[in-house]
Amino acid sequence: AVAAGGVAGRRQFVAEGGGVVVALGPSTSGAELASLLPGRPGQVVDRTRSGGAALGYLDLEHPVFELFRTPRSGDLAAPRFFRYRPLQLPAAGDSTAVLARFDDGGVALAERRIGRGRVLAWASSLDREWNDLAVQPLFVPFLHQLVRHAAGYAEPATGRTVGEVVDARAGGIPADVKLLAVAPDGSRTDIPAGARALTLAQRGFYAVRAEGGGDGPAAVFAANVDVRESDLAPLAPDSFAALVRTPGSGAGRPNAAVLPAAELEKRQSLWWYLLIAALALLAVETALSNRARAARRMKEA
């Protein structure tokens, strides 16, 4: 049995972001954890005579079961459940969700959100006493997914992008410790106590360590250039035109003044004078060249 103080402590643990998985097997009725569970555990259902129950509904969009969405990733209908404790859920709400049901409609797996954490209740045991799930090939992957989701675990990013801001204390350094970040070019940045943000302004590896805590880094971040710069896919002409703006043009300026035709003609009149002058110069050059050619012929004659 769990003392009242223990239940309160677990509730606080979950509210602060922790996770709890409860298997309602023969040794756990769930009564002592009723305030934490998604629903109230009912009487034990015995399906031994009918060959055992099977999972009839699965929320394959949920992180616990997303691993089994693809073909040949595991037959979740294969395990047989000979006994289980059905969960009687309260009225539907945002904090409670049914993730799996048995073929008779009984709740097999339910989740409840409490604060920043979650509690998952499994209606049967996790050993061979009430089912044969433990001898199925999918048991270990299923258990891993269940625990990972309860803990809120996410795979750390293997690489970051230049310009991204990261949590400098991802290595577990306490908030009251000053940090020293060494950039790829060797420059150093002091991160005061309480601060967490570090901007990755250069390409390469950033090493973060506690100030005065030795030479070994507490966290290392790899910063890469944005791969979109290497995208060789052709750009649509309309998209290109929307990105390019001629300096001084009215493109992209909806409030730019529109000049009347007379004013535009007046501003363009200078070009007419320049064109006439160019034609006059061309005529003089032609006349001079013809006269020079005639004089050369007379001299040769």
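What's counted below: heavy atoms across the whole structure, side chains too, no hydrogens, waters or symmetry copies.
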Looking at Tyr206 and Leu198, what are the two nearest heavy atoms and their distance?
-> CD2-CD2, 4.4 Å

About how many Å separate CG of Leu275 and CG of Leu279, when rounded to the nearest 0.5 Å?
-> 5.0 Å

Full working for salt bridge (charged side-chain N to carboxylate O under 4.0 Å, His left out) between Arg196 and Asp167 | CA-CA 5 Å; Arg196 311 184 69 91; Asp167 182 3; 3.0 Å; yes

Side-chain heavy atoms of Val20 within contact of Phe13, under 4.5 Å | yes

Flag side-chain contact, heavy atom, 4.5 Å: Arg118 against Arg112 | no

When rounded to the nearest 0.5 Å, the distance separating CD of Glu285 from CG of Asn290 is 10.5 Å

Among Val22, Leu99, Val147, side-chain contact (heavy atoms from CB on, under 4.5 Å) partner for Leu120 | Leu99

Path from Val284 to Ile276 over hydrophobic side-chain contacts below 4.5 Å = no

Walk me through it: do Glu61 and Arg69 pass the test salt bridge (charged side-chain N to carboxylate O under 4.0 Å, His left out)?
-> CA-CA 8 Å; Glu61 300 298 324; Arg69 285 187 296 184; 3.2 Å; yes

Mind checking whether His149 and Glu111 have side chains closer than 4.5 Å, heavy atoms only?
-> yes

Out of curiosity, Glu129 CD to Phe82 CZ, how far, rounded to the nearest 0.5 Å?
-> 12.5 Å

Among side-chain atoms of Tyr84 and Asp104, is any donor-acceptor pair under 3.5 angstrom?
-> yes

Taking all non-hydrogen atoms of both residues, which atom of Gln202 and which atom of Ala183 are closest, and how far apart?
-> NE2-CB, 3.9 Å

Gln88, CD: over 12 other non-hydrogen atoms inside 6.0 angstrom = yes

Report yes or no: does Arg85 contribute a side-chain atom to a donor-acceptor pair with the main-chain N or O of Gly25 at less than 3.5 Å?
-> yes

Salt-bridge criterion met for Arg47 and Asp103 (N-O under 4.0 Å) = yes

Single-linkage hydrophobic cluster Val182~Ile191, side-chain heavy atoms < 4.5 angstrom = no

Phe205 atom CZ: more than 12 heavy-atom contacts under 6.0 Å = no

Would you check if Pro79 and Phe139 make a side-chain contact, meaning some heavy-atom pair closer than 4.5 Å?
-> no

Indicate yes or no: at least one non-hydrogen side-chain atom of Leu180 is less than 4.5 angstrom from one of Val208.
-> no

Would you indicate whether the side-chain heavy atoms of Val45 and Pro86 approach each other to under 4.5 Å?
-> yes

Hey, are Asp226 and Thr161 close enough side-chain-wise for a donor-acceptor pair under 3.5 Å?
-> no

Decide yes or no on side-chain contact (heavy atoms from CB on, under 4.5 Å) for Thr48 and Arg83, but give the supporting numbers first.
-> CA-CA 7 Å; Thr48 306; Arg83 295 183 181 86; 4.1 Å; yes

Looking only at heavy atoms, what is the nearest atom pair of Leu179 and Ala210, with distance?
-> CD2-CA, 4.0 Å

Euclidean distance, Gln136 CD relative to Arg80 CZ, rounded to 0.5 Å = 10.0 Å

Indicate the atoms forming the closest heavy-atom contact of Arg128 with Ala134, along with that distance.
-> CG-CB, 4.0 Å

Side-chain heavy atoms under 4.5 angstrom apart, residues restricted to Ile, Leu, Val, Met, Phe, Trp, Tyr: same cluster for Phe65 and Val119?
-> no

Measure across Ser124 and Asn131 and return the closest heavy-atom pair with its distance rounded to 0.1 Å.
-> OG-ND2, 2.9 Å

Check whether any side-chain heavy atom of Thr189 sits under 4.5 Å from a side-chain heavy atom of Thr199, and report yes or no.
-> no

Joint cluster assignment, Leu143 & Val64, ILVMFWY side-chain distance < 4.5 Å = yes

Trp122 vs Phe81 aromatic rings, parallel, tilted or perpendicular, using cut-offs 30° and 60°?
-> perpendicular

Do the side chains of Arg101 and Val98 get nearer than 4.5 Å, heavy atoms only?
-> yes

Donor-acceptor contact below 3.5 Å, side chain Arg148 vs main chain Gly152 = no

State, to 0.1 Å, how close Leu55 and Leu76 come at their nearest heavy-atom pair, and which atoms those are.
-> CD1-O, 3.6 Å

When rounded to the nearest 0.5 angstrom, what distance separates CG in Leu109 from CG in Leu146?
-> 6.0 Å

Side-chain heavy atoms under 4.5 angstrom apart, residues restricted to Ile, Leu, Val, Met, Phe, Trp, Tyr: same cluster for Leu126 and Leu37?
-> no

Please report the C-alpha distance between Glu66 and Leu60 in whole Å, then the side-chain angles of each, then the deciding distance to 0.1 Å, and finally whether the side-chain contact (heavy atoms from CB on, under 4.5 Å) criterion is met.
-> CA-CA 5 Å; Glu66 64 179 357; Leu60 294 178; over 6 Å; no

In this structure, CG of Asn224 is separated from CZ of Arg160 (nearest 0.5 Å) by 11.0 Å

Evaluate the side-chain contact (heavy atoms from CB on, under 4.5 Å) criterion for residues Trp130 and Val44: first the C-alpha distance (whole Å), next the side-chain angles of each, then the deciding distance (0.1 Å), finally the verdict.
-> CA-CA 11 Å; Trp130 279 12; Val44 176; 3.9 Å; yes

